[in-house]
Every structure is written in C-alpha cells, then in structure tokens.
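Inspection log for the structure reproduced underneath, given as structure tokens.
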Amino acid sequence: MSDLLHHLNAPQLQAVTLPPVHALILAGAGSGKTRVLTTRIAWLLATNQVGPAALLAVTFTNKAAREMTARLTAQVPINVRGMWIGTFHGLCNRMLRAHYREAGLPQTFQILDSGDQLAMVKRLQKNLGMDDEKYPPRELCHFINAHKEQGVRAAQAEVYDHYTQQRVDFYAEYEAQCNREGVCDFAELLLRSYELLQRNEPLRTHYQQRFKHILVDEFQDTNRLQYAWLQLLAGGGAKIFAVGDDDQSIYRFRGAEVGNMRDFEAQWCGDNIIRLEQNYRSHGNILAAANAIIQHNSDRLGKNLWTETGAGEPIRVFEGYSDLDEARFIVEEIRSLVRDGVPASQCAVLYRSNAQSRVIEHELFTQAVPYKVYGGLRFFERQEIKHALAYLRLLGNPDDDTAFLRVVNFPTRGIGARSLENLQAAAHQMNCSLYNAAASLSGKAAQTVGAFVGLIERLRNETAALPLPEIIEHVSEVSGLLEHYRREKEGQERLDNLNELVSAAATFIDAEGVIGEHGALADFLAHASLEAGEHQAGEGQEAVQLMSVHAAKGLEFDVVFLSGLEQGLFPHENAVNEGTAGLEEERRLMYVAVTRARQRLYLSSAQSRMLHGQTRYCVPSPFFSEIPGELLLRLNHTRTPYPASNRQADTAGGWDGSASTVAGWRIGQSVEHAKFGAGVIVACEGRGADARVQVNFGGGAGMKWLALEYAKLTPL
DNA sequence: TGGGAGTGCTTTTTT
DNA sequence: AGCACTCCCA
C-alpha cells in the first residue's frame, strides 16, 4: 500500500486519498493524470473501502481504457474482468446488452458505425424522396447526432421553420427505421442507456446503489448527454471523481462541452478541486511557452504548469520559403538528430490538418527516412472487413438492411438496381425488412434475391454450432468473398486482412471469454463497431511519427516539430470565422501541441503553401507573437532558398488569366497599409484602373482585396 | 457490370 | 492537387 502512494507528489497524494466526495482534479499536461486516476482506484480497493463491483471508470477511447486496466492490474492483485472500466459507449453497450428487453432492443442488436449511419441516411432519404442536395446526408447525420447528444428525441425537437421541420421529420423516420431494423448508432447507445435508467426505476436504483465511486477521465471532453448520464448514475450517492483539463478541450466541434467542468465545480464538487500543476514531461522553456500561449484565453479554470527540470533548450523557429522548403528543413533536422542518437520514434511531426502530411511524407521518403503516419483507414473500416462483418450481421439479425444492402450483390450475383428498387418498395409497403420482403418478389428478382436469402439461411444453419473463428472462415468462403478477392489483381492484401479477421476473432474469444448466452458473434460484432482497431501506424518502431495535433493529444516525444504555423492554417480560418470561441479552441490546440515535447520543440511555417491545388501566400501564425521572444531561437534565413527550379516558379501571367504581378506589385511581397498594418500580397488581378491585389493582413484585418488606384500601400 | 469521365469538396475525430 | 462519388456507356 505504501508502495502505491510512494512516488506521488503532494497534490497527487491528496487527490488519490480524498475521502468519498465529489471532486474535480484539474490535471495539466504531463502532470500524471492517468497515474492519479488509476492509483485512486487502486487505493480505494487496497484500503478495502469498496469492492471492484462498486467502481465505474469511464474514458473516451478504448486505448485509454486498456491502459487504465493494465496499470490497475499491475498495482493491485485483482481480477479486473468484472469491473466496469471502459468507454462511455462500451459501458452503455454493456448495460443495453444486459437489459435489452427493458431497453426495447432485440437481443442481437447491431451497432451502426458512422459509415453505416451515413449509408442508412442516404437510403432512407432516397426512399422518402427527399432532396439530397437541399438536405445533404452528412448534415442530416450531424443534425440527428447533435440532437441525441443533447438528449433530444425527434418528438421533442424544436421546430422553427420549414427547413428544420423537414429535418425533424426525417429524424423521426430515421428513429423508426433503426427500431425496425434493431440497430443503434453510437449516440443511440448513450441516449438509450440514459433513458433506460431514467424510466426504469428498479434498474436505476440497482445501478445507483451498486456504484459508489464513478471516475471520469478527460472530463473536459464530455458532452451534455454523457454528463447527464454520469449525474443520473451518481444520483444514489455515488461520488464522482472527475479528472480533466479545460485547457486541453479540443473537441468542441463534436459536441464536447467544457462548460460541464464549470457546472460540476459550481453544482457538485464544492471546494474539492485539486490542481496538478507540476509537469514531469517538458523542459522549462517549453512550459513557459505553453503557459504564455494559454494565458491569452479567457474563462479558464486557471492553472500554471511548472517543472523542476531546468529551462532546457530554446524553442527553435524556422520560416521556410515554401511548404517544400519547410519540409526539407524538418527532414534535414531529423536526419541530424537521428545521427546524434535520438531515436526516430522520438521525433514527431505535427500538423493542423492531415493534408499537410503529403509534402513531409514526400521529403521523408526521398531522404529514405522511415516514418509512420497516424490517421486514415482502420482495420475494421476496411472494405473487405466490412463486407465479411455484414454477412455475420445478417446471420445474427436478418433485419439489418444496411448489412443486407452491403452484400446482397457482393460478390455480384446479378442483382441489379431494379431488383433492389422493387425489393425496397415491397419492404416499405409491408413495413418489414428487405430480408423478409424478399419472398414477395416476382420474376427474375424473386430467383436471384431468393437465392441470396437462401445462402444466408444456409450459412446460418451450417455455422450454428461452430466456434467464432470458424464461422468467419466458413462465411468468407461460402459467400464467395474469398474467391472474389482471389481473382482480384490486388486482392492479396484483402485476403490477408480477412485472415487477420479470423485471428482477431480468436484473440477476442481468448481475451473476453464467451460473453452473452447468444454466443460470441454479437459480442464480437459490437467489439468491431466500438473499436475500429488500430490505425496503420505501429507504435514503438524506429520511425518518425507523423500525425495531426488532435491525434497527438495524450502522447509525448523527445522532439516535436510543429509545422504549418500560419495564419489561416493554424489557427484554421474556419475556426477563426467562428469567432472568439473558435480562436480559443485553436489556442488550446496549440497548447496541446506545444506540451507534447519533452526536450526540444521546433515551430515552423512557410511563406507559401500549396493548398487545394493553388499556391497560397501566408503570414506567420499570430500564436508566434504570444510566446515571449526570449524563449525563441530563430533559425530563419540562414540558408539559401530552395531552388525554384524544383517546382515551377511563379511567372507573370498565370495560365488561368490571373497574374502574379500587377502594376509593380508582386505576390509574396510584404506591404504596409495605413489602416490595416503589415500584410503580404497573396493575389493580383486586373490592370490599369482595375488593378487589384489581395492582401493577407493576418490576425488583425484578415484578407482584403484592395484597388491599387485608391489603396495606399507601401512596400516593406 | 465495371470502368472511365466528369463533378465537387477539402479542419480537427472517437465511439 | 487529390480523392470520393456519380453517371453513363460498351
């Protein structure tokens, strides 16, 4: 037990050993947040205050949940299998599986991932004859999800004009269709679990009495519904131990409400606020920069990171002539760092948007530096995997129209669009699933679709007694999936992945044991939806790590390159257009990025950048000026420009009629305007009296078109 | 049915 | 520029 608490600092110790009270732990970057959370759990168990069943610990990602479980197992000799440790979605899924009847769900209900949801929306839209240009499917998905995340059902949704009326009506249709098919989207898992607890008094009392301690990770990322769910569960006296950092709230765009922290502070936790401000990760200069940046935000709960480590190196700043030049600089630095013994995997290149990775990847590739890119397609999102899973879903739940349509004609079985239209019409009329409507078809479609239904029936019978991995093998073979990919020219990788799916199922069985009386299939499918699997990147390998700033949250590296620090890119212009709230979130993102670095931080920008197929001329990010100058070491202009011949140089008179010079002004030139201040010319147009230039004045005035005849510009 | 051409979009992302 | 998606034709 003393071992448990031995290495904690004073505030950490205080947090870990709090009596049973609601508490908010404000944990700065690198302050030992996860450690405090798991040690708190371990301490509660080790001191016999509660048993494992009385604890609920919730995270946002499966990775975080796994890490917590692993650390806990190392700290206390306890079987964590029965404990409620998991993601919000995972725990809600667990609750709904356990009480599917009370929740009004079929026992084998399937989970729609975002892609499935989008497909469902498109299909429904078509069936309802809804204009998909006026009502873009993605926007409808967002509309539905946003409502669910606010706890609002279609019946309660506010309608203020025809446009919302249409969307609310659609939301109602969507709900009805999900219920017919017996499927839940992600937000539905949460909302339905919440409603179940709210409406079902015995169940609510059961869980309220069972859980004595509720521990929440990354509390700043909770949305309204998640917060309400926690409050409901804690309604019977359980104590909420919430760990979070309002300065690292970077998911506002997907519904996270930092306001939950304030509310929790005001309504729940009273004076039980503990700040973890000692940082064990970064050198002093890096922390000083981070603190200086975040101080420009308003309405913070307030926190100041400090470290016992020395100031360390200055922050290196580089301004490239172009994105290519910037990339070349980064890769040269990395090569020299690696020569000096820094592991490549301890070098990370971060960027605001994924599109920026291309140039850097290209340069790394050219210089033969191994690298890994995070982000992109994940295992369970691959086409061949989704196909195989669709067959499996149909075995468990034939009413799953999304799965039905995905594979009814894959591999091709001569079932064309006409047949499917007829089938959908029939299903609509009979108010039943496509699968069940198949029998009512006539003509050729009756044969082809009938054969497909026969195939599914046959597969279901043949696999009834098989273990899960063998079910998957059998279904992949008999459905023709394997044969299809064997014939395909580039099919080997897909075959490998299907093999991998079989292994994944075997691993799953071993790890989880067979849960649920209906066998492992439904559990495995839920697992596949809830945990889409690893991104391509493999951790720990000797490769430079490339990722977006968002993806870097929670990670740390010896050396961090933060690239593309330009007005409009970081902070992103879309965010800036959202006003102060948008800009402040960008600033938090900047804060997250900076605090990823342990020893050395590079901040780089480019004067011109290829974006959406066009060269853009850029002004350095306003975030530069928020860092005290004495922390910075400017490396600019110590090198010669990257040879222009390596990319076509700007020549006067663009092919599309635009110009790169006009009346003596040229793109890229720095200018000063009496009213707007300093800026850079980013575009030229017209001639004579019509001559205009577009100038980027950065944070102050933004982009402006100026008529040269009137505007008073002076070269800088 | 499948591929080739044409069109439009483009911040961040977990479950 | 690059990618996803749609549409149309052989």
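Bear in mind the structure is a predicted one, so any value in this text is a computation, not a measurement. Hydrogens, waters and symmetry mates are skipped; everything else that's a heavy atom, side chains included, is used.
Only one option out of A:Asp323, A:Leu324, A:Val349 pairs with A:Ile360 in a side-chain contact (heavy atoms from CB on, under 4.5 Å); it is A:Val349.
Stacking between A:Phe253 and the base of B:dT12 is present: ring centres sit under 5.5 Å apart and the planes differ by under 30 degrees. In this structure, A:His572 forms an aromatic stack with the base of B:dT11, since both conditions hold: centre separation below 5.5 Å and plane angle below 30°.
Distances were taken from every side-chain heavy atom of A:Arg138 (C-beta onward) to each of C:dC5, B:dT15, B:dT11; the shortest belongs to C:dC5.
Under 3.5 Å, the side chains of A:Asn145 and A:Gln117 contain a donor-acceptor pair of N or O atoms.
Look at A:Asn354 and you won't find any side-chain N or O under 4.0 angstrom from OP1 or OP2 of B:dT10.
Toward the 5′ end of DNA chain B lies the nearest nucleotide of A:Thr412, the other residue of the pair A:Thr412 and A:Glu586 mapping further downstream.
For B:dT13 and C:dA4, the P atoms lie 16 Å apart once the distance is rounded to whole Å. B:dT11 sits 25 Å from C:dT6 when the C1' atoms are compared, rounded to a whole Å.
A donor-acceptor contact under 3.5 Å is not formed by the side chain of A:Thr61 with the base of B:dT15.
In summary, A:Glu585 and A:Arg588 engage in a salt bridge, as defined by a charged side-chain N under 4.0 Å from a carboxylate O.
Between A:Trp229 and A:Phe88, the ring planes lie perpendicular to each other; the angle is over 60°, past the 30° to 60° tilted range.
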